[in-house]
Each structure stands twice: as C-alpha cells, then as structure tokens.
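For reference, the structure is listed below as structure tokens.
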Amino acid sequence: DGFEVIRIQCYTKNGTSILVNLTDGTNDTNSATCTPTSGGTFATTTSNDTWTQSEEISAELGTNTGSVESVTVSVFGFPTRR
C-alpha cells in the first residue's frame, strides 16, 4: 500500500509567493506556487506523485518572492493498493 497525491493547496503569510513541491529525497513532484490568496492556491500534481508504504515525504521550498514569512500546505490524495 502507498499514497498518491492528487493536489497541493497552499497559501502564504505576507510576501508575494513561494514555490513548494513534495519530495522523497530523490524524486520531486511538480511545484505549486503559493500566494496570500484567500482560500489558498491549488496545484494538481502530475509527476512523481506516488509514494510507497512508509516512504518519507517532505516539502521543499523554492524561490521566495517578496519575503514570505510562512507557508501553510495541505496535501490531498488517496491510498493505493499494490
């Protein structure tokens, strides 16, 4: 069993935007651009979006525009069976 991510929702506090992607340390999902938009920004994951059971998942932060102070990230997906 594993987990497949279908989208990332994120928003920032202050600043303009910051890039966020998920990683297992080797493979990265495509990036989501997080902004201070009310309700958050949704990004559909289309690459490297499936993790195996007990595989580590981390969020990586990319380009920070306008001095973003914090980012809130929600990950949506579903369990997979093999």
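Values below: all heavy atoms of this structure, side chains included; hydrogens, waters and symmetry mates excluded. Worth saying up front: this structure is predicted, and the values here are computed from it rather than measured. Along the sequence shown, residues are numbered consecutively beginning with 1.
- Formation of a donor-acceptor pair under 3.5 Å by the S17 side chain with backbone atoms of C34 is not found in this model.
- Residues G15 and P36 come closest through the heavy atom pair O-CG, 3.7 Å.
- The CZ atom of R7 lies 5.0 Å from the CZ atom of F76; values are rounded to the nearest 0.5 Å.
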Step by step, work out the side-chain contact (heavy atoms from CB on, under 4.5 Å) result for V68 and T16. CA-CA 7 Å; V68 169; T16 304; 5.9 Å; no
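- Expressed to the nearest 0.5 Å, how far OG1 of T80 lies from CZ of F3 amounts to 9.0 Å.
- Looking only at atom types and distance, the side chain of T23 has a donor-acceptor partner in the side chain of D28 under 3.5 Å away.
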Show, in sequence, the C-alpha distance, side-chain angles and deciding distance for I18 and T63, and conclude whether the side-chain contact (heavy atoms from CB on, under 4.5 Å) test is met. CA-CA 6 Å; I18 193 165; T63 303; over 6 Å; no
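- Using modelled atom types, one finds no donor on one side chain facing an acceptor on the other under 3.5 Å when comparing Q53 with D1.
- To the nearest 0.5 Å, atom OG1 of residue T65 and atom CG of residue L19 are 7.0 Å apart.
- With rounding to the nearest 0.5 Å, the separation of CG in D24 from CD1 in I57 is 8.5 Å.
- Distance CZ/F78 to CD1/I6: 6.5 Å, rounded to 0.5 Å.
- Side chains of E56 and S58: a donor on one and an acceptor on the other come within 3.5 Å.
- Taking every heavy atom of both residues into account, N14 and T12 meet most closely at O-OG1, 3.4 Å.
- Under a 3.5 Å cut-off, the side chain of S47 and the backbone N or O of N30 do form a donor-acceptor pair.
- A donor-acceptor distance shorter than 3.5 angstrom exists from the side chain of T29 to the backbone of L22, with no hydrogens or angles considered.
- Applying the side chain to side chain donor-acceptor pair (under 3.5 Å) rule to E4 yields no partners; only residues at least two apart in sequence or on another chain are considered.
- Y11 and L61 are members of different hydrophobic clusters when ILVMFWY side chains are connected at heavy-atom separations under 4.5 Å.
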